[in-house]
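Accompanying notes for the structure given below.
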Number of protein chains: 2
Amino acid sequence: MQDDEFADVMRALGHPVRLSILRILAEKAQHECCCTDVTECLPLAQSTVSQHIKVLLDAGLVERHPQGTRNCYKLSPGRLDALNAAFSGLFSGLVADIAPAQRRPETEPA
Amino acid sequence: MQDDEFADVMRALGHPVRLSILRILAEKAQHECCCTDVTECLPLAQSTVSQHIKVLLDAGLVERHPQGTRNCYKLSPGRLDALNAAFSGLFSGLVADIAPAQRRPETEPA
DNA sequence: TTCTTCTATCGGTATCTGGCGATGAACCCT
DNA sequence: AGGGTTCATCGCCAGATACCGATAGAAGAA
């Protein structure tokens with residue numbers, strides 16, 4: 001995952017309401033979960049929730065499944081895995097460079 | 001880590017330039033790395049880089065160590081660990097709820 | 001067809017963000 | 001004291017974001 005794309009996903013995760021929406025979708029993964037359902041769990045207007053969902057959709061974290069008159073939303077497991085991989089990659093890349101600096105200089109791997 | 005704080009950190013990671021700055025600091029972890037050093041690696045004005053660093057400072061991802069006339073920056077390993085833990089917590093919380101829904105309903109753990 | 005429900009989108013407003021140049025404070029070295 | 005370097009901060013501007021209410025379109029129900 002490129003930096004631009006990764007940054008977009010990070011920004012999508014960068015709002016407490018959107019974290020809540022992800023958890024709500026995870027909790028209700030067994031049932032169908034439409035925009036109205038999510039709105040009922042939050043102290044926000046439907047239009048606002050719809051916009052937050054759109055951000056998550058654009059980031060690929062959530063999938064839309066139209067079911068008759070409503071839109072059913074669910075998390076995208078594949079995207080979550082990719083995100084997890086990208087995050088682990090960033091993290092290990094950072095600490096890999098940190099760690100040797102915090103030990104003795106000669107302990108760096110060959 | 002609370003959602004608000006976690007979201008702040010995610011937002012701090014939500015810009016390609018700031019990802020670059022983190023990598024630059026990791027690479028140069030052995031040496032001292034001041035704002036000017038970082039600026040030389042990026043096609044941006046010093047004031048812009050300083051503001052990005054401030055975002056990372058506010059998120060706790062980076063520490064400042066004044067050294068004479070310059071400010072030396074380095075990653076905060078403790079904060080990175082906390083971030084990694086929080087991210088893993090979010091991720092596993094999400095997939096823990098997804099996974100049973102994607103298998104059979106009766107396979108849910110006791 | 002007509003009614004209801006659901007939801008994406010539009011318009012409006014307030015706030016935040018990202019970029020720059022300029023500036024002043026702090027710290028070194030003569 | 002005087003000169004040079006570093007860097008945080010300010011002012012400015014353009015564009016993005018967050019929130020709302022209102023609305024229109026699509027789909028099912030009557």
Side-chain angles (χ1 to χ4, degrees), chain A residues 2-22 24-25 28 31-76, chain B residues 3-25 28 31-76:
Chain A
Q2 294 300 98
D3 266 12
D4 282 354
E5 186 183 356
F6 182 71
D8 285 342
V9 179
M10 289 294 103
R11 222 173 324 122
L13 293 178
H15 196 291
V17 166
R18 290 196 285 268
L19 295 177
S20 298
I21 292 176
L22 290 178
I24 290 167
L25 292 182
K28 305 202 173 179
H31 327 299
E32 317 194 324
C33 196
C34 67
C35 181
T36 303
D37 295 334
V38 176
T39 303
E40 282 170 357
C41 303
L42 295 169
L44 292 171
Q46 176 266 328
S47 58
T48 304
V49 174
S50 180
Q51 296 203 96
H52 279 302
I53 291 178
K54 180 171 167 45
V55 174
L56 295 172
L57 273 174
D58 290 345
L61 294 170
V62 160
E63 299 167 3
R64 174 187 294 166
H65 299 276
Q67 296 214 350
T69 179
R70 71 176 87 191
N71 281 339
C72 188
Y73 293 102
K74 48 176 281 205
L75 298 181
S76 168
Chain B
D3 266 13
D4 281 354
E5 187 183 357
F6 182 72
D8 285 343
V9 180
M10 289 293 104
R11 223 174 323 123
L13 293 178
H15 195 291
V17 166
R18 289 196 286 268
L19 296 177
S20 299
I21 292 176
L22 291 179
R23 292 209 189 85
I24 289 168
L25 291 182
K28 305 201 174 181
H31 327 299
E32 317 194 323
C33 196
C34 69
C35 181
T36 303
D37 296 333
V38 177
T39 302
E40 283 171 355
C41 302
L42 295 169
L44 292 171
Q46 176 265 328
S47 57
T48 304
V49 173
S50 180
Q51 296 203 98
H52 280 301
I53 291 178
K54 180 171 166 47
V55 174
L56 294 171
L57 272 173
D58 290 344
L61 294 170
V62 160
E63 299 167 3
R64 172 188 295 165
H65 298 276
Q67 295 213 351
T69 179
R70 71 176 89 192
N71 282 338
C72 188
Y73 295 102
K74 48 176 280 204
L75 299 180
S76 169

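Everything numeric here is computed off the predicted structure, so don't read it as measured data. Every chain is numbered from 1 and lettered A, B, ... according to where its sequence line falls, protein lines coming before strand lines.
A salt bridge links B/R23 with A/D3: the closest approach of a Lys/Arg side-chain nitrogen to an acidic carboxylate oxygen falls below 4.0 angstrom.
The separation between A/L42 atom CG and D/dA18 atom C1' is 14 Å, rounded to whole Å. Atom NE2 in A/H52 sits about 15 Å away from atom P in C/dT9, given to the nearest Å. Summarising the geometry, the separation between CG on A/D37 and P on C/dT7 is reported as 7 Å, rounded to the nearest angstrom. Spacing between atom CZ of A/R70 and atom P of D/dG28 amounts to 11 Å, rounded to whole angstrom units.
Of the side-chain N and O atoms in A/N71, none sit less than 4.0 angstrom from OP1 or OP2 of C/dC6. Note on B/S50: every side-chain N or O is 4.0 Å or more away from OP1 and OP2 of D/dT9.
Residues of residues 10-24 of chain B that place a heavy atom closer than 4.0 Å to DNA chain D do not occur. Contacts between residues 53-62 of chain B and DNA chain D, counted as heavy-atom distances below 4.0 Å, involve B/K54.
More than 12 heavy atoms of other residues, nucleotides or ligands sit less than 6.0 Å from atom CZ of A/R11.
A search for side chain to side chain donor-acceptor pair (under 3.5 Å) contacts involving B/E5 returns B/R79, not counting sequence neighbours.
Looking at heavy atoms from C-beta onward, A/L42 lies in side-chain contact with A/I21 at the 4.5 angstrom threshold. The shortest distance between side-chain heavy atoms of A/C34 and A/Q67 does not fall below 4.5 Å.
Distance check: B/L22 CG to B/L61 CG gives 6.0 Å after rounding to the nearest 0.5 Å. Atom SG of A/C72 sits about 8.5 Å away from atom CG of A/D37, to the nearest 0.5 Å.
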Review point. For A/K28 and A/C41, what are the C-alpha separation, side-chain angles and deciding distance, and is it a side-chain contact (heavy atoms from CB on, under 4.5 Å)?
Key: CA-CA 11 Å; A/K28 305 202 173 179; A/C41 303; 3.7 Å; yes
Practice item. Mind running side chain to side chain donor-acceptor pair (under 3.5 Å) on A/T39 and A/Q46 for me, showing each step along the way? Key: CA-CA 6 Å; A/T39 303; A/Q46 176 266 328; 5.9 Å; no
Nucleotides 27-30 of chain C: which of its N/O atoms have a protein N/O under 3.5 Å away?
none

List every contact pair, protein side and nucleotides 20-24 of chain D side both N or O, where the distance is under 3.5 Å.
unit_1	atom_1	unit_2	atom_2	d
D/dC20	OP2	A/A45	N	3.0
D/dC20	OP2	A/T48	OG1	2.5
D/dC20	N4	A/Q51	NE2	3.4
D/dG21	N7	A/S47	OG	3.3
D/dG21	O6	A/S47	OG	3.2

Could you list the donor-acceptor pairs under 3.5 angstrom formed between side-chain atoms of residues 47-56 of chain A and any protein atom two or more places apart in sequence or on another chain?
unit_1	atom_1	unit_2	atom_2	d
A/H52	ND1	A/R18	NH1	3.1

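In terms of heavy atoms, A/Y73 sits closest to A/L25 at O-CD2, 3.8 Å. Across every non-hydrogen atom of B/L13 and B/L19, the tightest pair is O-CD2, 3.6 Å. Between B/R64 and B/L57, the closest heavy-atom pair is NH2-CD1, 3.2 Å.
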